[in-house]
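One is the number of the first residue; the rest follow in order along the sequence.
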Amino acid sequence: VQLQASGGGLVQAGGSLRLSCAASGRTFSSYALGWFRQASGKEREFVAAISWRGGSTDYADSVKGRFTISRDNAKNTLFLQMNSLKPEDTAVYYCAASLGSYSDSVRHYTYWGQGTQVTVSS
């Protein structure tokens, strides 16, 4: 499966952005999906994940209550709604896919999108 992330940009603290990740391939609904982010000079970290049917989700503590992950299997698209953004949310955001279950580990995911930059100004 090939992934293409989009929707990043520059936003003021307290604002919102919605990231999208378009996927190619007929078996999109078979994949668990995740969002990760990597700030400059830091390691890539888990943000959120969703099961292949969308019935189960998981979030990093730092984004709980502010971010919402969702998917539309009919449109082969993954979303990340980000509200109440903070300067510390500034990073390149990546979408990722894995057959079977989801995980908060970078190593669990086989396929990665190219990333989209999110910058939150104070």
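Closest heavy-atom contact between R71 and S51: NH1-O, 2.8 Å. Across all their heavy atoms, A97 and Y31 have their closest contact at CB-CD2, 4.0 Å. Of all the heavy atoms in S20 and T77, the pair that sits closest is CB-CG2, 4.3 Å. Across C95 and L78, no two heavy atoms sit closer than the pair CB-CD2, 3.9 Å. Scanning all heavy atoms of the two residues, the minimum distance from L99 to S30 falls at CD2-O, 3.9 Å. Contact detail for N73 and F28: the closest heavy-atom pair is OD1-CE2, 3.2 Å.
Y109 places no side-chain N or O within 3.5 Å of a backbone atom of A32 that could act as its donor or acceptor partner. Judged by distance alone, the side chain of T57 and the main-chain N or O of I50 form no donor-acceptor pair under 3.5 Å. At distances below 3.5 Å, at least one donor-acceptor pair connects side-chain atoms of S24 with backbone N or O atoms of Q2. With hydrogens and angles ignored, the 3.5 Å screen pairs no side-chain donor or acceptor of Y102 with any backbone N or O of A48. In terms of modelled atom types and a separation under 3.5 Å, the side chain of S98 and the main chain of H108 share a donor-acceptor contact. A distance-only check finds no donor-acceptor pair linking the side chain of Q114 to the backbone of Q4 [under 3.5 Å]. Under the 3.5 Å distance criterion, the side-chain polar atoms of W35 are matched with a main-chain donor or acceptor of F79.
V92 and V118 are not part of a single hydrophobic cluster, where members link through side-chain heavy atoms under 4.5 Å apart. Cluster annotation: F36 and V1 are assigned to distinct hydrophobic clusters (Ile/Leu/Val/Met/Phe/Trp/Tyr, side-chain heavy-atom contacts under 4.5 Å, transitive). No continuous path of hydrophobic side-chain contacts links L19 to F46 [ILVMFWY only; heavy atoms under 4.5 Å]. Note on L3: it does not cluster hydrophobically with W52, by side-chain heavy-atom contacts below 4.5 Å among ILVMFWY residues.
Here the OG atom belonging to S122 is positioned 10.0 Å from the CD atom belonging to E88, to the nearest 0.5 angstrom. For the atom pair CG (N76) and SG (C21), the distance works out to 10.0 Å, reported to the nearest 0.5 Å. Annotation: the span from S70 atom OG to L80 atom CG amounts to 8.0 Å, rounded to 0.5 Å. One finds the OH atom of Y93 at 15.0 Å from the OG atom of S6 (value rounded to the nearest 0.5 Å). Q81 contributes atom CD, which lies 8.5 Å from atom CG of L17 (distance to the nearest 0.5 angstrom). In this structure, the separation between OG1 on T68 and CG on N83 is 6.5 Å, given to the nearest 0.5 Å.
Few gaps surround CD on Q117; more than 12 heavy atoms of other groups in view lie less than 6.0 Å from it.
Y94 and W112 have perpendicular rings, their planes meeting at more than 60° on a 0 to 90° scale where under 30° would count as parallel.
Salt-bridge formation is not detected for the pair K86/D89: no Lys NZ or Arg NE/NH1/NH2 atom is positioned less than 4.0 Å from an Asp or Glu carboxylate oxygen.
Contact annotation: the side chain of V106 never approaches that of Q38 to less than 4.5 Å [non-hydrogen atoms, C-beta and beyond]. At least one side-chain heavy atom of E45 sits under 4.5 Å from a side-chain heavy atom of R37.
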